[in-house]
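In what follows, a single structure is set out as structure tokens and then discussed.
Only a predicted model underlies this, so the values are computations on that prediction, with no experimental measurement involved. Every chain is numbered from 1, with letters handed out A, B, ... down the list of sequences.
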Amino acid sequence: MATRVITIIGFCTVIAALVILEIVARRPGSRVPALGEWLGYLMRPKTGRVLLLAGWLWLGWHYFAR
Amino acid sequence: MAANGVSRSPGRLSGGPGRPVADGKDSKEERAARQWWPSSRPPSRQRLALSLVLFGYAWLAATTRPFTFMSLLVVLLPGAVVAGVAIWGPPDRIEAPDRLDIAGFSWWLVIIAVLFEWEAAGFRDNSPWWHPSLTELVDPIIAPYPLRAIAFFLWLITGWALVRR
């Protein structure tokens with residue numbers, strides 16, 4: 001029981017860290033790129049664009065089709 | 001210093017042409033683009049119409065049962081549309097920065113790596129009860145129909161946001 005709770009807390013901590021990082025990134029003058037910025041940077045080459053869109057499609061298949 | 005006001009300080013990943021990296025002296029437009037509160041401008045009619053269409057599609061798609069052909073189809077169809085838009089009719093793309101600060105970006109890498117490792121550890125052990133995978137935890141949350149529809153809608157608008165970059 002305790003291990004399961006620790007696992008859930010771990011996931012929640014990581015997701016909270018992502019949200020906090022996005023908030024920090026949007027502060028003026030922040031050196032941390034916002035999520036949209038680094039995704040856009042990765043999507044500039046065609047390979048990155050294809051990979052990220054394929055990843056998005058895979059997420060949809062994983063959570064909604066299976 | 002370099003030409004065109006673009007910083008060439010070390011420790012920055014470089015790509016092709018794009019807008020200069022933020023150097024703490026953001027213009028008013030750059031600050032507005034980076035604000036973390038919703039814009040005060042009302043959404044355009046086109047955006048509202050698109051949102052309604054996507055939500056309607058999500059509402060219908062959420063009625064499909066997993067592991068069926070229809071559920072696969074309702075996922076593949078937006079995928080095909082997004083692929084078609086990306087190839088043949090990309091909308092005005094949001095300009096990406098031509099450089100990323102490595103130190104700043106490393107924060108994202110570390111947290112995402114931790115997430116993947118945490119998920120991989122659960123997946124490796126076949127998602128036991130004591131170390132469930134993220135999928136095992138998310139599935140019961142999005143099982144109710146309204147939440148499933150909302151999750152599907154969020155997935156659709158994520159795809160649209162990606163194709164605009």
Side-chain angles (χ1 to χ4, degrees), chain A, chain B residues 13 15-16 18 22-26 31 34-36 61-62 64 66-68 71-72 74-76 78-79 82-83 86 93-101 103-105 107-108 111-112 114-115 118-119 122 129-132 134-135 137-139 142 148 151-152 155 158-159 161-163 165:
Chain A
M1 177 72 174
T3 314
R4 180 180 173 87
V5 171
I6 290 171
T7 302
I8 293 172
I9 290 173
F11 277 124
C12 293
T13 303
V14 170
I15 291 168
L18 289 172
V19 171
I20 290 169
L21 196 59
E22 177 69 8
I23 293 172
V24 168
R26 287 178 176 268
R27 293 177 62 186
S30 173
R31 290 183 64 184
V32 179
L35 179 65
E37 289 178 343
W38 64 261
L39 280 176
Y41 179 84
L42 292 178
M43 290 187 75
R44 287 173 68 196
K46 250 182 207 172
T47 308
R49 198 164 167 78
V50 168
L51 286 176
L52 276 169
L53 288 176
W56 165 79
L57 184 61
W58 179 85
L59 270 179
W61 169 81
H62 182 72
Y63 283 105
F64 302 115
R66 61 168 289 276
Chain B
L13 297 172
D23 57 358
K25 300 177 184 175
D26 301 335
R31 283 199 299 273
R34 290 165 69 92
Q35 68 187 21
W36 51 275
T64 60
F67 296 102
T68 61
S71 65
L72 180 62
V74 295
V75 169
L76 290 181
V82 164
R93 291 176 66 175
I94 297 170
E95 194 175 354
D98 61 346
R99 287 177 178 80
L100 286 182
D101 188 300
F105 184 54
W107 286 98
W108 287 102
I111 295 174
I112 290 171
V114 168
L115 177 65
W118 206 251
E119 169 75 357
W129 184 83
W130 49 270
H131 192 160
L134 188 59
T135 307
L137 296 174
V138 168
D139 279 346
I142 63 172
R148 188 174 176 82
F152 202 99
W155 176 72
T158 300
L162 281 176
V163 85
R165 284 180 164 78

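Heavy atoms closer than 4.5 Å to chain A are found in the side chain of L137(B), but not in its backbone. V138(B) touches chain A through its side chain: at least one heavy atom from C-beta onward sits under 4.5 Å away, while N, CA, C and O do not. The contact between A151(B) and chain A is made by backbone and side chain atoms together, counting heavy-atom distances below 4.5 Å.
In summary, the aromatic rings of W155(B) and F152(B) are positioned with their centroids under 6.0 Å apart.
Classified by interplanar angle (parallel below 30°, tilted 30° to 60°, perpendicular above 60°), the ring pair W58(A)/H62(A) is parallel.
The choice from L59(A), I8(A), L18(A), V50(A) that makes the most heavy-atom pairs within less than 4.5 Å of chain B is L18(A). When each of A161(B), G104(B), P78(B) is checked for heavy-atom pairs under 4.5 Å with chain A, G104(B) comes out on top. Between chain A and the options A62(B), G79(B), A61(B), the largest number of non-hydrogen pairs under 4.5 Å is found for G79(B).
Of all the heavy atoms in W108(B) and L35(A), the pair that sits closest is CZ2-N, 3.9 Å. Closest of all the heavy-atom pairs between W118(B) and I6(A) is CZ2-O, 4.0 Å.
Atom CG of L52(A) and atom CG of L42(A) lie 6.0 Å apart (nearest 0.5 Å).
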